[in-house]
Colleague: 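Sharing a structure below in structure tokens format, with a few things to ask.
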Amino acid sequence: ADIVHRQHVETHLREREAELERFAAVAAHDLKSPLTVIMGYCELVEDTLAPGSDSQVTGWLGRVRTGTRRMQHLIDDLLAYAAAGDGSLEPAEIDLDTLVADIVMERTSHLDHDRPNIEFGRLPKVVADPARIRQVLDNLIGNAVKYVRHGTVAQVDISAEREGDMWRIAVADHGIGISADQRENVFAAFARARGSEGYPGTGLGLAICRRIVNHHGGEIRVEENPGGGSRFVFTLPVAPEPSSRGAEA
Ligand code: ADP
């Protein structure tokens with residue numbers, strides 16, 4: 001009877017959690033359009049100001065814009081978080097080489113200096129949901145490029161190896177690193193490690209990654225990169241089961 005009661009409570013809690021999350025997702029979604037309006041008018045006012053006019057006003061507008069953009073990022077992350085562990089996966093064959101090359105290009109092509117040095121050897125083909133795996137790698141690569149010591153250029157190494165029936169995919173950097181006592185915590189929603197104060201972020205990226213990877217039946221963790229910095233490792237089943245497992249983890 002105890003077990004039945006516990007299961008009942010757990011189901012109830014899970015339902016409540018899902019309900020809260022739906023609430024947050026709807027709220028986040030509804031905040032998108034007013035923000036777009038704020039952004040639009042901000043740009044309009046900026047364009048209307050005569051060149052050389054009150055630089056203080058331009059400064060204020062810049063702040064409105066920065067704040068609005070931060071809010072937009074947060075909303076996008078909230079929506080991605082809500083979507084990450086939810087719904088069915090649409091697995092397809094993904095050529096990780098092509099995917100990573102594409103992400104690197106997207107993240108670096110507009111930079112003309114301080115271009116990060118991102119290396120990857122031969123990466124395998126995996127079967128997984130392409131849009132979600134892209135999100136995982138994009139978050140990890142984005143972090144690897146972001147959390148560099150100020151004034152240094154990012155050095156990132158992406159690799160994969162097969163271990164039994166799992167692929168182990170690693171994104172390693174030589175950045176600021178994460179102290180041992182915080183390595184598990186960074187995967188919680190809104191968690192940010194000590195030392196990341198000077199870097200922009202919402203603390204949701206790794207929570208999104210963990211949800212997506214777990215939803216695929218894999219795991220994600222971070223360790224110290226032997227050369228200094230962090231090394232994020234996630235696993236994906238070589239032959240995924242038709243219905244995803246591990247969605248609760
Ligand atoms: P965000 O980057 O938006 O803060 P994430 O969920 O992606 O959120 O990461 C959570 C925290 O983990 C970050 O705030 C940072 O403290 C730490 N972190 C993530 N990736 C790295 C990395 N490559 N190097 C050092 N710290 C990292």
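Only this structure's heavy atoms are used, side chains among them; waters, hydrogens and symmetry mates stay out. Both counts, for ligands and for their atoms, begin at 1 and track the order of listing.
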Colleague: Is any side-chain heavy atom of I169 less than 4.5 Å from a side-chain heavy atom of T235?
Modeller: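 Contact flag for I169/T235 side chains = no.
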
Colleague: Check each atom of ligand 1 against the heavy atoms of L206 and keep those under 4.0 Å away; list them by number with element.
Modeller: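 Per the distance check, 5 (P), 6 (O), 7 (O), 9 (O), 10 (C), 12 (O), 19 (C).
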
Colleague: How far is atom 26 (N) of ligand 1 from its nearest protein heavy atom, and which residue and atom is that?
Modeller: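 Ranked first by proximity to atom 26 (N) of ligand 1 is I178 CG1, 3.3 Å.
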
Colleague: Of all the heavy atoms in Y199, does at least one lie under 4.0 Å from an atom in ligand 1?
Modeller: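 No, that is not the case, since the closest heavy atom of the residue is not under 4.0 Å from the ligand.
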
Colleague: Report the member of G175, A191, S196 with the shortest heavy-atom distance to atom 11 (C) of ligand 1.
Modeller: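 Considering heavy atoms of G175, A191, S196, the nearest to atom 11 (C) of ligand 1 sits in A191.
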
Colleague: Does any non-hydrogen side-chain atom of L204 lie less than 4.5 Å from one of L78?
Modeller: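 L78 vs L204: side chains touch.
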
Colleague: If the cut-off is 4.0 Å to any non-hydrogen atom of T202, which atoms of ligand 1 fall inside it?
Modeller: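 Counting from 1, the qualifying ligand atoms are 1 (P), 3 (O), 4 (O).
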
Colleague: Just list the side-chain donor-acceptor pairs under 3.5 Å for residues 131-139, sequence neighbours left out, or say none.
Modeller:
{"from": "R132", "atom 1": "NH1", "to": "A83", "atom 2": "O", "distance (Å)": "3.0"}
{"from": "R132", "atom 1": "NH1", "to": "A84", "atom 2": "O", "distance (Å)": "3.0"}
{"from": "R132", "atom 1": "NH1", "to": "D86", "atom 2": "O", "distance (Å)": "3.2"}
{"from": "R132", "atom 1": "NH2", "to": "D86", "atom 2": "O", "distance (Å)": "3.3"}
{"from": "R134", "atom 1": "NH1", "to": "D102", "atom 2": "OD2", "distance (Å)": "3.2"}
{"from": "R134", "atom 1": "NH2", "to": "D102", "atom 2": "OD2", "distance (Å)": "3.0"}
{"from": "R134", "atom 1": "NH2", "to": "E106", "atom 2": "OE2", "distance (Å)": "3.1"}
{"from": "D138", "atom 1": "OD1", "to": "R107", "atom 2": "NE", "distance (Å)": "2.8"}
{"from": "D138", "atom 1": "OD2", "to": "R107", "atom 2": "NH2", "distance (Å)": "3.4"}
{"from": "N139", "atom 1": "ND2", "to": "Q135", "atom 2": "O", "distance (Å)": "3.3"}
{"from": "N139", "atom 1": "ND2", "to": "G205", "atom 2": "O", "distance (Å)": "3.4"}

Colleague: To the nearest 0.1 Å, how far is atom 24 (N) of ligand 1 from its closest protein heavy atom, and which atom is that?
Modeller: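 Going by distance alone, atom 24 (N) of ligand 1 is nearest to S230 OG, 3.3 Å.
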
Colleague: At a 4.0 Å threshold, what atoms of ligand 1 neighbour a non-hydrogen atom of K146?
Modeller: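 That gives atoms 1 (P), 2 (O), 3 (O) of ligand 1.
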
Colleague: Need the ligand 1 atom indices (1-based, order shown) with element for anything under 4.0 Å from a heavy-atom of L204.
Modeller: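 Numbered from 1, ligand 1 contributes 6 (O), 8 (O).
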
Colleague: When you compare the side chain of L79 with that of K32, does any pair of heavy atoms fall below 4.5 Å?
Modeller: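 Of all side-chain heavy-atom pairs linking L79 with K32, at least one is under 4.5 Å.
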
Colleague: Starting from atom 12 (O) of ligand 1, what is the nearest protein heavy atom, named by residue and atom, and what distance separates them?
Modeller: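 So the nearest neighbour among protein heavy atoms is V186 CG1, 3.3 Å.
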
Colleague: Could you state whether V186 and I212 fall into the same hydrophobic cluster, counting links through intermediate Ile, Leu, Val, Met, Phe, Trp or Tyr residues with side-chain heavy atoms under 4.5 angstrom apart?
Modeller: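 Yes.
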
Colleague: If the cut-off is 4.0 Å to any non-hydrogen atom of I176, which atoms of ligand 1 fall inside it?
Modeller: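 Numbered from 1, ligand 1 contributes 25 (C).
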
Colleague: Suppose we measure from atom 21 (C) of ligand 1 to each protein heavy atom; which comes out shortest, and what is that distance?
Modeller: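 Answer for atom 21 (C) of ligand 1: Y147 CD1, 3.4 Å.
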
Colleague: Take E43 and R65 through the test salt bridge (charged side-chain N to carboxylate O under 4.0 Å, His left out) and record every step on the way to the result.
Modeller: CA-CA 8 Å; E43 281 163 15; R65 224 132 83 86; 3.3 Å; yes

Colleague: Does an N or O anywhere in A193 fall below 3.5 Å from an N or O of ligand 1?
Modeller: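 Among all N and O atoms of A193, at least one is under 3.5 Å from an N or O of ligand 1.
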
Colleague: Does any donor atom in the side chain of T202 or D77 lie under 3.5 Å from an acceptor atom in the other side chain?
Modeller: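 Yes - a donor-acceptor pair under 3.5 Å links their side chains.
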
Colleague: Any idea which atoms of ligand 1 are less than 4.0 Å away from a heavy-atom of R192?
Modeller: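 It comes down to these atoms of ligand 1: 4 (O), 11 (C), 14 (O), 16 (O).
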
Colleague: What protein heavy atom lies closest to atom 23 (N) of ligand 1? Include the residue and the distance to one decimal.
Modeller: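 The closest one turns out to be D173 OD2, 2.8 Å.
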
Colleague: Given the rule that I, L, V, M, F, W and Y join up when any side-chain heavy atoms are under 4.5 Å apart, are M105 and V100 in one cluster?
Modeller: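 Each belongs to a different hydrophobic cluster.
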
Colleague: Is the shortest side-chain heavy-atom distance between I176 and Y199 below 4.5 Å?
Modeller: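 Of all side-chain heavy-atom pairs linking Y199 with I176, at least one is under 4.5 Å.
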
Colleague: For atom 1 (P) of ligand 1, which candidate among G203, A172, G205 holds the nearest heavy atom?
Modeller: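 Nearest option to atom 1 (P) of ligand 1, by heavy atoms: G203.
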
Colleague: Quick one: is the NZ or CZ of R221 closer than 6.0 Å to the six-membered ring centre of F234, and within 45° of its axis?
Modeller: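 No, R221 and F234 do not form such a contact.
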
Colleague: Quick test: of every protein heavy atom, which one is nearest to atom 7 (O) of ligand 1, and how far off is it to 0.1 Å?
Modeller: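 Heavy-atom neighbour on the protein nearest atom 7 (O) of ligand 1: N143 ND2, 2.8 Å.
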
